[in-house]
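Position 1 is the first residue of the sequence; numbering continues from there. Note that these values count all heavy atoms, side chains included, but never hydrogens, waters or copies made by symmetry. Just so you know, ligand 1 is whichever comes first in the structure, and atom 1 is the first atom listed for that ligand.
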Amino acid sequence: MRSTMMRYPLVLPRALERAETLYADREIVSRLGDRSLHRYGYGAMAGRARRLADALRKAGLKPGERVGTLMWNHHIHLEAYFGIPGAGGVMHTLNLRLQPDELAFIASHAGDRVLIVDDVLLPLARQFVERTGIEKVVVARISDEPTPDGYEDYESFIADGDPAQPLFEPEDEFTPSSICYTSGTTGRPKGVAYSHRALMLHAMCLGMKDGWDLGQTDAAMPIVPMFHVNAWNFPYASTLVGAKQVLPGPHLDPESLLDLMAGEGVSITGAVPTIWFAVVDALRAEPGRWALPPGMRVIVGGASPPPALLRALDSLGTVPIHGWGMTETTAGATMAHVKPEMADWPRERVLDLFTERHLPVPLVEVRVVGDEGEAPWDGAAMGELQIRAPWVAAGYHDAPGSEDRWTDDETGSGGGDGWFRTGDVANIDAAGFVKICDRTRDLVKSGGEWISSQDLENAIMGHPDVKEAAVIALPHPKWGERPLACVVPRAGAKIDAEDLAARLAAEFPKWWLPDAYEFIDEVPKTSTGKVQKTALRERYADWRWEG
Ligand code: AMP
């Protein structure tokens, strides 16, 4: 017997069509370079995305060819999110915080043919475009400057496109629609090519109560960049459900963000912990200045949040949701939500758990594999986190030799591969909550035993005078490696290393305690705002332990 259901592919044009039909006037608000707010509805956005699709086709783009974007979060980038796949192309979101050499490598490796770039980012584009196969540069104006000679203006480019032409319809929902490169902290960056199906299924997951509960009544503001993992899928999920979208453009200072949240009634937003630290500080510095929508969901991800952060967000009347994900997992794969048996837990206890742990969302399977095979779900046994789901990558784009990131037990979904080896060290508790303990390469191996640098950092950041901390492993003649704590004090504060050590001693075994504390001005960050431990390890490469 065959099922009698329709073969209805999960493709992105379905999300756009729904939004333009049902939510033509639902607003998309963008902050532009000059700080002005641009507003229009899904109807207008879809019309312009369709024009872009047709203009790209007329410019010779063939199905499967790549179009780069070098843009902040705003409405024209959203048009590209639909217009590029709508032309049959693959959108390659380029990270504007990378160096020109890295951008040249990535744009060449992906085979980008066209680049759509914000006018304010043209100086960066000029430094790498000529070293790539990019034949055409289209400039999106988000400032008052006219488009320089020699470049095509986005508005005149899409004016040639006919919005009545149908969007490209892949027959196969596994057809790629966008590609994003990993941050490449180990080796060269690698491309993850997302399929229409993966993005649509993940968007539906974000609409579930145990995802983000995203719906038509929401006003969603991705602060996480649209060049990073499709802004955690905010744009596609918001369009699918018809939510209002609020896009902060290049203005990521806490005051600008808070003005937008309060002014536009933002009900859900997401960013890395670094952004939330600054937002919490600004809110505390000027109590009463911003009236945030009560119960605003604040998605915290991309790095481990120190305990004080979730508590601070909670006490300010927002609802923090901590999640974990990777470029390879189409963003959020686990989210911290209350299970039924936790219903009567005091909020403090819930927050303590959620700071560390999160549950795999529906359709995501996780396991932890240690030296002795699959680890028990006892909240203690650590090993590598492995994952599979319909939106987890089954390989990298054109990256021979990277196959060992997948297990070969033929149990995977989609591509028929095994599990994806995340490179994160984790444990899972009896209730199924995952705790990310560290990146494999960031663990400190002292005398054959593992020390979690992340746990130490979070404890150090619990000190009221500490702004940030990073713990790194440095070679040690006797123990193999020992932890060094690099600590950034808050402005004007003086911290006593002994005081810090005493705090940690109350929480951790003696052999876990850092052997030294370095007070520094700033923790180096990657292009996506994560602590760059490689830079710190290089800085202390000549370190000699005392005694
Ligand atoms: P990226 O692919 O650039 O998004 O980086 C993914 C990596 O960020 C993961 O492999 C983790 O190491 C780290 N990461 C993401 N979310 C979290 C989190 N909630 N807690 C700890 N680490 C995280």
Side-chain angles (χ1 to χ4, degrees), residues 93-95 97-98 102 106 179-194 202 212 222-234 270-276 298-307 309-310 313 320-337 353-361 364 366 368 382 384-387 391-393 396 402 405 419-428 433-443 452-458 461 470-471 525-534:
T93 50
L94 289 156
N95 181 339
R97 298 195 205 283
L98 293 179
E102 294 169 289
I106 289 172
I179 181 165
C180 179
Y181 277 70
T182 60
S183 42
T185 39
T186 47
R188 286 287 205 185
K190 296 188 185 64
V192 176
Y194 304 102
H202 187 261
W212 291 351
I223 302 172
V224 50
M226 287 169 80
F227 59 74
H228 183 61
V229 205
N230 300 303
W232 295 348
N233 215 7
F234 262 102
V272 291
T274 324
I275 295 272
W276 296 126
V298 174
I299 313 300
V300 183
S304 150
L309 184 62
L310 292 202
L313 287 167
I321 303 178
H322 176 200
W324 166 92
M326 306 175 72
T327 309
E328 293 88 337
T329 67
T330 314
T334 64
M335 311 275 168
H337 285 298
L353 178 80
F354 285 180
T355 289
E356 287 193 333
R357 294 184 180 275
H358 14 86
L359 268 184
V361 293
V364 166
V366 289
V368 159
M382 283 201 285
E384 183 179 38
L385 181 65
Q386 299 185 356
I387 177 172
W391 48 77
V392 169
Y396 293 114
S402 59
R405 291 296 301 274
W419 295 67
F420 174 61
R421 303 179 52 200
T422 64
D424 281 346
V425 178
N427 68 52
I428 305 179
F433 281 91
V434 178
K435 176 180 173 184
I436 305 292
C437 305
D438 236 325
R439 292 292 293 165
T440 323
R441 59 184 176 275
D442 291 340
L443 278 172
S452 162
S453 64
Q454 190 176 287
D455 284 355
L456 290 172
E457 285 156 11
N458 283 340
M461 283 192 268
V471 172
K525 300 267 167 50
T526 66
S527 58
T528 50
K530 295 179 192 189
V531 174
Q532 199 176 21
K533 296 214 175 163
T534 42

Residues His358 and Glu356: closest non-hydrogen pair is NE2-O, 3.9 Å
Which is it for Pro305 and ligand 1 at heavy atoms under 4.0 Å: side chain, backbone, both or neither? neither
Backbone of Gly270 reached by a side-chain donor or acceptor of Trp276 within 3.5 Å: no
Pair Ser453, Asp442 - check side-chain hydrogen bond (donor to acceptor under 3.5 Å, both in side chains), show working. CA-CA 7 Å; Ser453 64; Asp442 291 340; 5.4 Å; no
Side chains of Asn233 and Trp391, donor plus acceptor under 3.5 Å: no
Atoms in ligand 1 flagged as close to Gly302, the criterion being non-hydrogen separation under 4.0 Å: 8 (O), 13 (C), 14 (N), 15 (C), 16 (N), 17 (C), 23 (C)
Heavy-atom closest pair (Gln532 atom, Lys525 atom, distance to 0.1 Å) is OE1-O, 3.5 Å
If you take the nearest heavy atom of each of Val192, Asp424, Thr334, which one is closest to atom 11 (C) of ligand 1? Asp424
Can you give me the closest heavy-atom contact between Val368 and Leu385, atom names plus distance? CG2-CD1, 4.2 Å
What protein heavy atom lies closest to atom 21 (C) of ligand 1? Include the residue and the distance to one decimal. Ser304 N, 3.4 Å
Could you tell me, atom by atom, which parts of ligand 1 come under 4.0 Å of a heavy atom of His228? 1 (P), 3 (O), 4 (O)
Any idea which heavy atoms bring Thr182 and Tyr396 closest together, and the distance? CG2-CE2, 4.2 Å
Looking at Thr327, which atoms of ligand 1 are within less than 4.0 Å of one of its heavy atoms? 1 (P), 2 (O), 3 (O), 4 (O)
List the atom of Thr422, the atom of Arg439, and the distance in Å for their closest heavy-atom pair. O-NH1, 3.1 Å
Applying a 4.0 Å heavy-atom criterion (strictly less than), which segment of Met326 is in contact with ligand 1: side chain, backbone, both, or neither? both
Heavy atoms of Arg357 and Phe433 approach each other most closely as NH1-O, 3.1 Å
Which residue owns the protein heavy atom closest to atom 10 (O) of ligand 1, what's the atom, and how far is it? Arg439 NH1, 2.7 Å
Look at atom 6 (C) of ligand 1 and say which protein heavy atom is nearest, naming residue and atom and giving the distance to 0.1 Å. Lys530 NZ, 3.4 Å
Yes or no: does Ala331 have any heavy atom under 4.0 Å from an atom of ligand 1? no
Close N or O approach (Thr422, ligand 1; < 3.5 Å): no
Do ligand 1 and Gly323 have nitrogen or oxygen atoms that lie under 3.5 Å from each other? yes
I'd like to check whether His322 has a polar contact with ligand 1, where a contact means an N/O of the residue lying under 3.5 Å from an N/O of the ligand. yes
